[in-house]
Amino acid sequence: MEQSGIQQYFDKYSPVGDITVIAICLLITVLVFTSYVKKTRSYKIFLNLIIYLFAAAFVNVLYHDMYTGITDGNYRWVYILRCAYHALLFSNLLLYVVYIVVLQHLEPPKKLPVMAVSVSLYVLVIVADIITTVTGKSFKITNSGRVVTGMNIFMWGYLGFISIIVFLMVANRKRLYKQVMYGFYGTMVVAFILLILQNICNQNSYTVVSFLFPVMAMFYLVHSNPYDIELGAVDSRAMEDLVRYNYEKKRDIIIMSLYLPDFDVEGASFTEEIQEKIRLLSSEHFKQAVLFQVSNGHVILVADKYHNPDYENRLNKIINAFYIEYESFKYDFKIVMGESFEEISRRNEYISLIKVIHDHMEMNTVHMIEYEDVERFNKYEQVLKELEDISRKKDLRDPRILTYCQPVYNIKTGKYDTAEALMRLKLPEIGMLYPDRFIGLAEENGYIHVLTQIILQKTCDEIKYLLEKNYEVTRISINVSVLEMRDDQFTEDIRKIINDSGIPKEKIAIEITESQSESDFIVMKNIIEELKDDGIKFYLDDFGTGYSNMERIMGLPFDIIKFDRSLVLASEKNKKSEKMVESLAGMFSELDYSVLYEGVEDENDEKRCINMHASYLQGYKYSKPIPMIELKRFFSKVEE
């Protein structure tokens, strides 16, 4: 009779649910340690949740099995295991709250009250559960074999924690991505429904299972960072986490970067052959290495130096193996490799460092990272910071932007009446920088249009001064990036600066380099036609370098075609080359384009260019770039 009463109570339980939880916890643990997961604070909480769930399921199995071995009526261990089981589940609920607080990055004024209430509730329900168990007010096995249940402390504690969690997620819903919120809500609803169904079916086998559902949501929505199964790489955002983790642990790392520019274009991806080679090279030569994909054509391998003390030999082996493979695929490459640097690890900027190194590398070369690279990168970062400040302040007369120019000789008038405005950057602690040091950086980071506005403003100021002093100024040209022309405000910004300066619009010209993009062609065409109506002239800059599409050029209403220095040099090689350049220039002249030759350095260049239908000449024969305030030395005053 006594045994059958206990048996009736425990028959409501089957270990299948808890055994499933134990198996899933072990499975998640295997997946976590065989994939790459960011080692964040929330990740550490997640691991503790797995541990507590595993322990709760294991204790629950012991608790329900314990009574079968008791013959003397001493159920002390049943009570102890039951309280331990509840304590582990309440620990999970408290960790859920901590996890959400960390995930939402709550400030102390919002975080402290929530944590105070949660910890107080945690202590209260555990103490209450122990006291009511000891006194027999919540759970008791009588001498007659009946199980007496009373106050359900667990359910009250459960509802209390769920209320806190729901409050946190609703009150701070804007701090998490909507789809992530829906994922958490969904799993919580499913868990609650499972508990209700369990109660309706007079069962208690799936309580721990219901606690597992939110953990699975965390794993999938927050911590999963699967490998690309073909390449064996993970997303580059995870690289910052790995660098941070090793820096905090004071561990040096080894870095090897492979850049294949042929694949670094939109929509491209490595061929199957390249993927296979990268996968094998990265997995065979280093221990505990992780491969990160930075872009379509760029991957970085990071390994712990501690586990690879002979890393120099390993690097040499992987380079030798790469060169063997290179003989078959023949794609251009840049390889950067070396040890970590404390200041770059602290700032977590290896990807940016490598990109800067790429800018100074020849194609198909290997570069070992040296401290000189770090110093160059530090200057790069300082320049970027200054450009950001210039862009933010948008002072159109910012003293850090210096206006230089190069006078242009007008063959028809025999005078200097035009010039090209050039930009210099003068920064504290760095000094003078030429355009090749900052223009590309400004374009990449969206600061170029502000620089153009500043150089235009300062050019207008100088033109106004020259006109007031009665100098003859036909026009001065400024260079414009195709990237900034995509901005809807471009024409309005140009017009406003010229109008506010009070100079005639025809005194300004705009130089543009041809683009391969069809969309850029349409944008350029519309802008040129719109501003030409105001009297602004347009130059096609750098004709003869790289890509040149004659159909596109003819489709754009340019006024002047600037022949690059490379064509001047080519025309000097032999009569055939000279004839080809002359024919191109002659064709443009017949079509009412003016031809300007850049890079004229001596009398031979000058004579040859004049014979090749030149209208304007520019180069060191006439003047090197000078501060624009010195332009009056070249320009003539209007005769009265």
Side-chain angles (χ1 to χ4, degrees), residues 359 404-409 418-424 434-444 448-449 451-452 455-456 459 475-486 508-518 520-521 523-525 527-528 531 536-573 577-578 580-589 591 593-601 605 608-609 612-625:
D359 292 339
Y404 275 58
C405 69
Q406 192 168 29
V408 175
Y409 182 68
T418 67
E420 177 186 3
L422 303 168
M423 198 183 308
R424 302 287 187 268
Y434 292 92
D436 63 322
R437 294 282 304 277
F438 65 87
I439 292 296
L441 193 58
E443 288 180 328
E444 289 174 10
I448 188 64
H449 185 48
L451 299 188
T452 297
I455 198 72
L456 175 59
T459 299
R475 63 184 166 272
I476 297 179
S477 64
I478 64 166
N479 289 276
V480 165
S481 168
V482 175
L483 296 177
E484 61 181 305
M485 296 178 76
R486 300 170 186 168
I508 289 291
I510 294 177
E511 299 192 17
I512 307 172
T513 302
E514 184 190 2
S515 171
Q516 299 183 39
S517 166
E518 180 66 29
D520 285 343
F521 170 76
V523 169
M524 288 169 60
K525 190 174 188 299
I527 286 176
I528 292 173
L531 291 179
I536 295 174
K537 300 285 187 182
F538 279 84
Y539 294 21
L540 172 62
D541 197 14
D542 296 333
F543 176 75
T545 60
Y547 175 87
S548 290
N549 186 318
M550 295 302 294
E551 182 181 357
R552 287 269 182 87
I553 293 172
M554 297 304 178
L556 295 170
F558 289 111
D559 299 286
I560 296 174
I561 309 295
K562 293 187 72 171
F563 276 39
D564 186 73
R565 166 72 177 162
S566 60
L567 291 180
V568 176
L569 292 174
S571 68
E572 188 181 22
K573 290 181 179 179
S577 298
E578 182 179 351
M580 290 178 68
V581 177
E582 179 189 357
S583 297
L584 281 171
M587 176 190 67
F588 283 122
S589 295
L591 293 171
Y593 294 94
S594 296
V595 175
L596 187 159
Y597 284 95
E598 293 184 281
V600 178
E601 295 190 353
D605 287 345
R608 197 167 60 257
C609 291
M612 295 189 300
H613 307 282
S615 299
Y616 300 96
L617 299 174
Q618 178 181 347
Y620 273 50
K621 181 187 185 302
Y622 310 104
S623 173
K624 65 179 183 180

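- Every residue two or more places apart in sequence or in another chain was checked for a ring pair (Phe, Tyr, Trp, His ring centres under 6.0 Å) with H613, and none qualifies.
- One finds the OG1 atom of T459 at 6.0 Å from the CD1 atom of I508 (value rounded to the nearest 0.5 Å).
- Among all heavy-atom pairs drawn from L451 and A442, the shortest one is CD1-CB, 3.7 Å.
- Y622 pairs by the side-chain contact (heavy atoms from CB on, under 4.5 Å) definition with Y409, Y416, V600, E606, L617, not counting sequence neighbours.
- Atom CG of L596 sits about 7.0 Å away from atom OG1 of T418, to the nearest 0.5 Å.
- Using a 4.5 Å heavy-atom threshold, the side chains of I512 and F538 count as touching.
- No donor-acceptor pair closer than 3.5 Å links the side chain of S577 to the backbone N or O of K573.
- Salt bridge present: R565 and E601 bring a charged side-chain N and a carboxylate O closer than 4.0 Å.
- Across Y539 and A509, no two heavy atoms sit closer than the pair CE1-CB, 3.7 Å.
- Note: S477 OG to I510 CD1 = 10.0 Å, rounded to the nearest 0.5 Å.
- Contact annotation: the side chain of I455 never approaches that of L422 to less than 4.5 Å [non-hydrogen atoms, C-beta and beyond].
- With sequence neighbours left out, L540 forms a side-chain contact (heavy atoms from CB on, under 4.5 Å) with E514, F543, I553, F558, I561.
- A side-chain donor-acceptor contact under 3.5 Å links Q406 to the backbone of S623.
- Atom CE of M587 is surrounded by more than 12 heavy atoms from other residues, nucleotides or ligands within 6.0 Å.
- Side chain of E484 to backbone of S481: a donor-acceptor contact under 3.5 angstrom is found.
- Side-chain contact between I478 and T452 is present, with heavy atoms from C-beta onward closer than 4.5 Å.
- Residue S589 comes nearest to V595 through the heavy atom pair OG-CG2, 4.1 Å, listed as atom of the first residue, atom of the second, then distance.
- Contacts of D564 classified as side-chain contact (heavy atoms from CB on, under 4.5 Å), with partners at least two apart in sequence or in another chain: D542, T545, S566, E598.
- Counting heavy atoms from C-beta outward, M524 and V480 have side chains that stay 4.5 Å or more apart.
- When all heavy atoms of V581 and S571 are compared, the closest pair comes out as CG2-CB, 4.1 Å.
- A distance-only check finds a donor-acceptor pair linking the side chain of R608 to the backbone of V568 [under 3.5 Å].
- By the ring pair (Phe, Tyr, Trp, His ring centres under 6.0 Å) test, Y593 pairs with F588, sequence neighbours left out.
- Using a 4.5 Å heavy-atom cutoff, the side chains of F521 and L556 are in contact.
- Taking the charged nitrogens against the carboxylate oxygens, E420 and K562 do have a contact shorter than 4.0 Å, which makes a salt bridge.
- Between the CG atom in L483 and the CD atom in E443 there is a gap of 5.0 Å [rounded to 0.5 Å].
- Residues passing the side-chain contact (heavy atoms from CB on, under 4.5 Å) test with V523 are M485, I527, sequence neighbours excluded.
- At a threshold of 4.5 Å between non-hydrogen side-chain atoms, the residues D559 and S594 do not count as touching.
- Summarising the geometry of Y597 relative to A585, their closest heavy-atom pair is OH-CB, 3.3 Å, with the distance given to 0.1 Å.
- Looking at Y434 and R424, their side chains come closer than 4.5 Å, going by heavy atoms from C-beta outward.
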